[in-house]
Amino acid sequence: MDTSAENRRVYWHSRRGMLELDLLLAPFAEAEYPRLGAAEQAAYRTLLLHEDTDIFDWLVNRVPVPDPSLAAIVERIQGYGRPPSAHPD
């Protein structure tokens, strides 16, 4: 399998047409998807099969992710680009 072609295909499918999702998913797909393990890549591709409104609701914690197999990738996307939280000592 040509991984660069697969990565481009996933990036293309990450561009959803809903600006809010585009801003969350496209940068994640471009920067992080190629570095994910096979199981995480599969979970991300499965996530993309869902409706835009459902994905958005999960990413902004409006509703819980109903499928436990997607929870980890949703959390990873939510954390992408955020600075690590500072814990005062």
Side-chain angles (χ1 to χ4, degrees):
M1 173 192 290
D2 180 1
T3 58
S4 64
E6 174 65 19
N7 293 346
R8 286 191 305 273
R9 189 171 17 262
V10 167
Y11 176 76
W12 178 256
H13 287 288
S14 297
R15 297 176 59 216
R16 309 292 291 194
M18 181 178 174
L19 178 61
E20 295 87 344
L21 278 183
D22 289 351
L23 294 173
L24 294 168
L25 296 178
F28 178 85
E30 185 174 26
E32 294 296 314
Y33 181 82
R35 299 186 310 165
L36 297 175
E40 289 176 306
Q41 286 183 344
Y44 186 79
R45 291 190 308 270
T46 300
L47 178 72
L48 295 178
L49 297 175
H50 290 81
E51 296 292 326
D52 289 359
T53 53
D54 293 334
I55 297 170
F56 183 73
D57 286 346
W58 300 334
L59 289 174
V60 299
N61 290 319
R62 190 172 292 154
V63 295
V65 181
D67 183 346
S69 69
L70 297 179
I73 196 66
V74 167
E75 288 177 15
R76 185 140 183 192
I77 296 166
Q78 288 170 331
Y80 175 72
R82 289 186 183 167
S85 60
H87 296 288
D89 292 307

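Keep in mind that the numbers below use all heavy atoms, side chains included, and drop hydrogens, waters and symmetry copies. These figures come from a predicted structure and were not determined experimentally.
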Whether Tyr44 and Phe28 hold their rings parallel, tilted or perpendicular, with breakpoints at 30° and 60°: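 Tyr44 and Phe28: tilted rings.
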Aromatic plane relationship, Trp58 with His50 - under 30° parallel, 30 to 60° tilted, over 60° perpendicular: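 His50 vs Trp58 ring planes: perpendicular.
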Between atom [atom1] of [X] and atom [atom2] of [Y], what is the distance when rounded to the nearest 0.5 Å?
X	Y	atom1	atom2	answer
Leu49	His13	CG	NE2	9.0 Å
Glu40	Arg76	CD	CZ	4.5 Å
Thr3	Arg9	OG1	CZ	11.0 Å

Could you tell me if the side chain of [Y] sits less than 4.5 Å from the side chain of [X], heavy atoms only?
X	Y	value
Leu24	Ile55	no
Ile77	Leu47	yes
Gln78	Asn61	yes
Arg45	Glu6	yes

Leu23 reachable from Tyr11 in the ILVMFWY side-chain graph, under 4.5 Å edges: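 No; tracing contacts between hydrophobic side chains, which count when under 4.5 Å, never links both residues.
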Joint cluster assignment, Val74 & Val63, ILVMFWY side-chain distance < 4.5 Å: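 Same cluster: Val74 reaches Val63 through Ile, Leu, Val, Met, Phe, Trp or Tyr contacts under 4.5 Å.
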For the student: nearest non-hydrogen atoms of [X] and [Y], plus distance:
X	Y	answer
Pro27	Asp22	CD-O, 3.4 Å
Leu59	Leu25	CD1-CD2, 4.1 Å
Ala31	Tyr80	CB-OH, 3.2 Å
Ala29	Ser14	CB-OG, 3.3 Å
Gln41	Tyr33	NE2-O, 2.9 Å

Test side-chain contact (heavy atoms from CB on, under 4.5 Å) applied to Asp52 and Glu20, step by step: CA-CA 10 Å; Asp52 289 359; Glu20 295 87 344; over 6 Å; no
